[in-house]
Each structure stands twice: as C-alpha cells, then as structure tokens.
Amino acid sequence: MKGESALQVAQVIVDVPTRQTNSPFSYSIPDHLADQIQPGMRVQVPFGHRKITGFIVGITDSSSFDGKLKPIADLIDLYPVINPELLDLAQWLADQTYSFKISCLQTMLPGGMRTKSKKKLIAKNQQICAKYPEIFHGEPEIEYDRQQFDNQTLAEILKLQKMGDIRVEYNLTNHARPIMLKAYSGNLDQQEIQAALKTVRKNAIGQIKLLKTLSQHPNDTLLLTKWESMGVTAGTLKTAEKKGWVSATLKRHVRNPFLREVAPTKPFELQPDQQKAVSSIEKAVSQKKDQVFLLEGVTGSGKTEVYLQSIAHALAMGRTALMLVPEITLTPQIVGRIRSRFGDQVAMLHSAMSSGERYDEWQRINQGKAKVVVGVRSAVFAPLTNIGLIIMDEEHDSSYKQADNPRYQTRDVAKWRAAYNHCPVVLGSATPSLESRARAMKGVYTLLSLPHRINQHALPHVSIIDMKTEMAKHHSALSTKLADAIQVRLDKHEQVILLLNRRGYSAFLMCRDCGYVPRCPNCDISLTMHKDTHTLNCHYCGHKEPVPTVCPKCHSKRIRFYGMGSQQLEEQVKNMFPTARVLRMDVDTTRKKGSHEAIIDKFGAHKADILLGTQMIAKGLDFPEVTLVGVLNADSALQFPDFRSSERTFELLTQVSGRSGRADKTGEVIIQTFNPDHYAIQLAKTQDYEKFYATEMRVRHDGKYPPYYYTVKLTGNSPSENQTASEMFGIMNFLKKNLSPNAIILGPTPKTITRINNHYYYQIIIKYRKEPHLKATLDDILVQSQKKQRQGLQIAIDNEPLDFM
DNA sequence: AGCACGCCGACT
DNA sequence: GTCGGCGTGCTC
C-alpha cells in the first residue's frame with residue numbers, strides 16, 4: 001500500500017461474452033505492476049473461481065463497487081495493444097453493432113494474439129493418479145477438455161476437486177509468437193583477433209575461419225544461418241562462445257509476407273481529371289478536414305494513381321495512411337504498386353497471410369515502423385496513429401461487411417476514424433453502392449469523377465445470349481456463340497476467362513426416374529456433389545455421406561448429378577477443347593497459401609489458355625492477353641429474394657467487362673442469361689452506371705429499401721421451431737409497442753433456409769427513417785433474450801444487413 | 001463461460 | 001428422510 005496516495009483501480013473488460021459482464025470490472029493494482037500498467041494492455045485477472053483474460057480500459061482513483069477488490073494477477077502485454085483511439089472506437093462499435101465490448105476489443109487484434117485458455121487437471125499425489133485411470137490414464141497431470149469426459153466422470157472430477165485431491169490450473173497462451181533466431185556477435189577487437197589467430201592450431205580450420213569472419217564484421221550481430229552460409233558451423237561458434245570470443249543473442253525475425261521483390265516506381269503524370277481529384281484530396285489532408293470523397297471511375301481510369309499520390313501527400317505531411325481493399329490476394333498488382341512506391345514503410349494485413357506474418361506486420365504498425373497500411377476489412381482497426389488519409393477501394397464490395405459479431409460495416413468504422421484523426425476518407429469505385437452515391441448526390445460526400453479511360457482503350461464489345469432459346473437447342477453450359485468465340489481465341493493464341501457465378505449454383509444429385517434429391521438430415525438444403533472426395537456434402541453443417549449408386553427411394557440406377565460446379569465446368573470445357581490448357585480458380589484450388597498467386601502468375605505468363613472460376617476472378621485482375629470473357633450464368637444472383645440482387649449483378653458484370661479489352665486488342669464479353677431483358681443486365685452491357693443508378697433508386701424508393709430507409713435484421717434460432725416462432729412473435733409485438741407507427745416491421749418469417757444443423761431460423765426486418773427509441777428497444781430485447789438463451793434461443797441483430805435472406 | 005446455490009422428484 | 005436433477009444468478 002502506498003499510504004495516502006490515491007488508490008489506483010484498474011477498470012477491466014473481462015473475456016466473458018455476456019450481457020451481465022459487458023461493463024468494466026474493478027481490480028486493484030498490485031504494487032509491483034503499478035508503474036507498468038496502462039489502459040489498452042491485457043491482463044490476467046481472477047474472476048469467480050478461475051483466472052481469465054481481460055483488457056484494461058481505464059485507470060481510476062476509486063471504484064463504484066462496494067466489495068473488496070481482487071488484485072490483477074498478471075500482465076499479458078508489456079505495452080498497450082489497444083491504443084486510446086481504438087479503446088474509444090471499441091465502445092462506439094459495441095453500441096453500433098449491438099455486440100459485446102469484449103468481442104469488439106478482440107476483433108481489433110490480429111487473430112494470433114487472441115489468448116486461449118487451457119485448463120489442466122493435476123493429481124495431488126501418485127495414489128490419486130493411480131486410483132482414477134479413467135481420468136488420468138496414468139499421467140500425473142492432463143489437459144482438460146470438457147468433451148472428453150462423460151457426465152459421470154465429470155461429477156467425479158468435481159467431487160475430487162472439492163476434496164482437494166485434484167488441482168485445476170488455468171493457463172492462458174498467446175497463439176502467435178515472434179520467431180527468435182540465434183545470432184552471434186564478436187567480443188574481440190582487431191588486435192585481439194590477430195592475437196587469437198596465433199594461438200589456435202594450424203589445422204583448426206573452423207576456428208580460423210570464424211576469426212577471419214569476425215575481423216570482417218567487427219560490430220555486426222550475425223544470424224546463425226548467416227554464419228553457416230559463410231562456412232562457420234554451429235559447433236565452432238559454441239566453442240568460441242565458451243572461449244569468450246563471441247556471445248550468443250536472440251534476434252527477432254520479422255517474417256516478410258511480400259512474396260516478391262518489386263522495383264521502385266516514380267509517380268506518373270496525371271490526367272486533368274486525376275489532377276483535380278488529387279488536389280481536392282490533398283487540400284482536405286492539409287486542412288485536416290474529415291471530408292468524405294466518392295471517387296467514381298471506370299476500370300482503367302487511373303484510380304490507383306490518385307490513391308498513391310494522395311498517400312504520398314499525407315506522408316509528406318508527416319502523417320500515416322490506411323488503404324483498404326477487398327480480399328487483398330485478389331489484387332496483387334495493387335499491393336505491388338503501393339510497395340514499389342513506398343517501399344518498406346508499407347505493412348500489409350490480409351487473411352491469406354499466416355497468423356505469424358500478420359502478427360509481425362501488426363507489431364510493425366503498433367511500433368510506428370509502418371506508415372502505410374494496406375489491408376482487407378479488419379485492417380480498418382490497424383493501430384496506426386496520426387492517420388492523414390483513409391482510402392477504401394471498391395467501396396461497394398460486400399466483403400467490407402463482417403458477417404458475424406461484431407457485424408460492422410468497414411465504411412462506417414473508416415469514417416469514425418477519419419473524424420477522430422481529422423483526415424479525409426476516399427471511397428473509390430466504378431460502381432459505387434447506392435448508399436454512397438446517394439450521399440454524394442445530397443452533398444454529404446464530395447463526388448470526384450474520372451470518366452475517361454487512360455490510353456483511350458475502346459470498351460469491349462458486349463453481347464447477351466438468351467439461354468432460354470439456347471437450352472431448347474442443346475444442354476451444354478456453353479452457348480454456341482461462346483463456344484465458337486473461345487475457339488477463335490484459341491486459334492489466335494489469345495486468352496479466355498470464363499466466370500461462373502457460383503452463388504447457390506452447385507452440383508446436386510437427382511434421380512431421373514422419381515426425381516428424388518438427397519438432402520441433408522440436419523438442414524433444409526440438398527447435398528452438393530464433391531467429385532474429388534466422392535461424397536455428398538452439406539455446405540451448412542458439414543455433413544458428409546457417400547454418393548449412392550442406386551436411388552434410395554425407387555432403386556433406379558439412373559441417379560445422376562445436375563447443375564454445374566466449377567469442377568464440372570472444367571471437365572466440360574476440357575472435353576470441348578481438348579488441346580486448350582485450362583486453369584481453375586475457386587475455393588478448392590486456392591485453399592493453400594500462395595496458390596492464388598501461383599494461378600494468377602501462371603495465367604499471366606500465358607501458361608494456360610482458359611482461366612475459369614468463380615467471383616474471385618472478377619476483381620482487379622489485369623491480363624493483357626485476355627480478349628474474351630464469358631459469363632456463364634449472369635443471373636443466378638437475380639433469383640435470390642434480395643433487394644440488392646440487381647445491384648450485385650450489375651456490379652459483377654460491369655467489373656468483368658472491364659477485364660477484357662484493356663490492351664491493344666479489342667475485347668469481347670459474352671454474357672449468358674435467362675433474363676436477357678433485365679435492366680441490370682441490359683445496363684451492364686452498355687456500362688451505364690448513371691442509368692442503372694436512376695433505375696435502381698426508383699425501385700428502392702417504391703419498395704421502401706435503403707438508401708431511402710434504414711434497416712435492421714433480427715434473427716432468432718433454437719432447436720424447436722415452435723419456440724423460435726413464438727419468441728419471434730413476442731419480439732415483433734414488443735417492437736410494435738415501442739416503435740413509432742412509421743416503422744415498418746416485416747415478419748417474423750422463416751428464413752430461406754429454415755433449418756441449419758437442426759436449429760430453426762426466423763427473422764424480422766425493421767425498416768425505418770427515424771426511430772429515436774430503436775436502439776434502446778433492441779438493447780432491451782437482447783437483455784431479455786439472455787434469459788431465454790439457456791433454453792437454446794439465440795437472438796442476433798444485424799444493423800444495416802447486406803441482405804434480407 | 002463456468003460454477004454455486006437452491007428448490008423439486010425417486011431412491012438407499 | 002437424502003441424493004441429485006437442472007433452473008437461476010453471480011463473478012470486481
């Protein structure tokens with residue numbers, strides 16, 4: 001105790017995601033930690049009977065808690081991992097997304113830093129250990145995992161623990177660790193080296209080599225691998241260490257996630273439109289204005305150069321920059337361009353990196369060594385300070401919205417950080433989201449546009465094939481026109497991209513005689529065919545079963561698969577064009593780290609003629625040899641009961657059309673569809689965003705959809721359909737009572753896929769323009785549902801969902 | 001989350 | 001009468 005000096009109390013958010021533990025708990029700070037502890041550090045604290053992780057969110061003089069405070073058990077971090085800005089942001093995010101504060105704090109850290117708590121059971125002595133082989137299997141201590149014991153053994157363990165025969169130990173481990181490499185540095189000056197050289201025997205080759213190397217690198221700490229590459233073995237170094245010639249240290253190895261080296265580049269000369277955009281952005285950076293720009297520009301209009309020069313300006317002002325991109329692996333070119341301009345100041349964060357690489361990059365940012373961060377969604381929480389500019393490329397992309405808790409929209413977080421740091425945000429897109437474009441029209445955002453393609457490349461010729469008439473003729477996935485066009489390219493040694501719009505489109509099994517389709521026993525969907533493992537899989541719960549050879553219902557042998565997955569398409573294309581080299585890119589072929597880039601490189605080097613795959617090939621790829629893009633099923637997204645399906649279809653088609661015809665050769669795009677007259681498809685053909693915007697806004701207005709209305713989606717699920725339905729009706733009534741009559745409450749309705757893993761899902765959609773009580777009402781619902789959770793009911797709230805499905 | 005406390009049924 | 005089922009509440 002420090003006598004009269006104010007008693008310091010740490011406010012800790014504990015790692016227990018429940019409503020009751022969603023505000024800070026007070027802990028006393030032990031003397032030996034008093035001068036180290038800071039807000040934003042993680043600690044271990046006693047909580048009830050166990051020890052858990054928590055985040056220090058504040059240090060105060062007193063506590064409102066009347067009981068006796070427990071002391072903090074230990075520090076996990078030596079420096080704050082959440083800076084003051086992010087601490088504030090976490091609170092806002094929790095409110096905004098109706099999630100627990102601990103979940104928000106946790107998502108701000110790179111995955112590998114999340115602590116895992118492990119429980120160990122330790123027998124008091126040998127007798128206990130020997131007496132309960134069903135628990136200990138002869139070992140003095142075991143790792144405890146609830147699932148491994150049945151209820152009876154569990155009760156026994158509990159009893160033994162009470163009697164003190166078994167001790168429980170809690171261990172918290174950090175997943176990602178820095179890689180430490182052994183290194184040696186010399187202790188001798190040149191004279192001592194010469195002296196030592198005289199004392200060693202003539203045939204001590206290793207020692208002589210070592211001393212000579214030492215004299216060439218007098219002050220360096222060289223890694224063991226470096227020594228070895230110079231012919232000095234680990235053994236020799238050990239001996240030298242004993243003699244005091246060298247000392248061993250551990251050197252932190254920073255993993256380098258950049259697969260290839262890039263040559264530095266200079267800024268390009270800007271076109272007038274680009275110059276205008278850069279000037280406006282620079283002005284906002286200089287004036288520290290948290291202005292939001294919408295940079296609208298077709299593919300090839302030079303958006304990236306605008307980003308780069310604006311970032312350069314922010315750096316020149318002594319500030320940092322954050323650039324967000326959708327799934328970064330899809331745009332290695334962009335990363336390459338940024339690195340070539342800003343070199344080692346760039347840190348990169350994305351999901352295809354190993355957790356160790358992400359950890360190292362994150363550390364570089366947190367230590368202020370990286371000034372520019374390029375990354376996907378979660379990089380919006382990068383621990384940069386003094387941000388001067390935030391860029392969000394392809395701002396309409398759906399990967400910017402997180403699908404599970406906290407369900408945040410990256411754009412909103414970016415705007416929050418911009419306001420905090422007094423810096424502008426640039427939202428870039430060829431096909432802005434209607435929300436953003438509508439705000440630009442209202443003057444909330446500043447619209448900057450780049451209407452011209454650099455180099456004046458002609459737009460590709462786009463044609464639309466009506467698959468209804470095509471299917472009447474034959475049953476191939478490729479229309480005659482597309483097949484002919486492919487053959488022409490193959491003859492001319494040009495490349496082709498075939499895009500399969502995969503959503504909800506995969507191979508399933510069906511009996512030709514009775515129409516039987518195998519379905520998942522746990523979920524309400526049909527099983528999909530996986531040819532590689534030769535199983536029927538459920539995409540929702542992971543259920544697998546062997547492929548039947550006879551129909552289980554009518555015993556017919558004519559049970560075949562239908563539909564088209566990318567595997568089937570690959571086979572069909574190979575059959576039609578036996579000499580063509582075909583590459584497939586989808587979730588299956590890109591699972592392995594680096595395989596994504598490998599495929600892109602291979603195709604880019606023209607080692608294949610046809611690249612076929614799902615959405616992932618639609619974005620950001622630039623292959624000059626590609627002169628034909630075929631979209632096999634343009635409208636599979638249109639069939640979803642979702643108000644954004646037109647927008648998605650238009651985006652996708654516009655994007656792939658930009659993929660073709662960028663080089664000297666004019667490109668061609670062939671779109672196959674069952675809805676050739678749909679406006680999304682017709683307007684994509686002419687790349688007419690303006691008309692699409694106007695048409696779609698009308699639809700949204702009439703249907704009372706965003707951006708005219710705000711939306712919230714409430715989903716409930718439980719093992720009992722009756723319970724789910726009745727609880728959701730209760731919630732609907734509660735909403736009706738508490739919201740104004742202007743609010744539109746839809747549902748509850750069963751979700752499109754009602755049953756997943758034997759849980760029944762119902763949802764309610766709320767559409768509104770102004771509801772001051774909405775937040776409080778929804779918070780109330782969450783508090784009340786906490787009690788029902790024990791009966792298996794789970795309620796999820798998605799603020800501004802991307803879909804209504 | 002994970003456990004203790006506490007109130008009801010089927011048993012030594 | 002007790003043992004143990006799991007519904008409820010608490011953890012600084």
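Reminder, nothing fancy here: chain letters follow the sequence lines and each chain counts from 1.
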Taking all non-hydrogen atoms of both residues, which atom of A/Asn366 and which atom of A/Val81 are closest, and how far apart? ND2-CA, 4.3 Å
Where the side chain of A/Val16 is defined as all heavy atoms beyond and including C-beta, which of B/dG2, C/dC12, B/dA1 is the nearest nucleotide? B/dA1
Starting the side chain at C-beta, find the nucleotide from B/dA1, B/dC3, C/dC12 nearest to A/Tyr27. C/dC12
Can a donor-acceptor pair be found, under 3.5 Å and without considering hydrogens, that links the side chain of A/Tyr400 to the backbone of A/Leu324? yes
If you draw the axis of the six-membered ring of A/Tyr98, does the NZ or CZ of A/Lys775 fall within 45° of it and under 6.0 Å from the ring centre? yes
Which atoms form the tightest heavy-atom contact between A/Thr320 and A/Thr385, and what is the distance? OG1-O, 3.1 Å
Without swapping roles, check the side chain of A/Arg755 against the backbone of A/Pro521 for a donor-acceptor pair under 3.5 Å. yes
Just checking A/Ser28: base, sugar-phosphate only, or nothing, at a heavy-atom cut-off of under 4.0 Å? nothing
Watson-Crick or G-U stems of DNA chain B, 3 or more pairs, under 3.5 Å, by first number: B:1-11 with C:1-11
Give the ring-plane orientation class for A/Tyr768 versus A/Tyr710, where under 30° counts as parallel, over 60° as perpendicular and anything between as tilted. tilted
A/Thr21 near the nucleic acid: base, sugar-phosphate alone, or nothing, with a heavy-atom cut-off under 4.0 Å? base
Please classify the nucleic acid contact of A/Pro46 as base, sugar-phosphate, or nothing, using heavy-atom distances under 4.0 Å. sugar-phosphate
Check every atom of C/dC12, B/dA1, C/dT8 against the side chain of A/Arg790 and return the nucleotide holding the closest atom. C/dT8
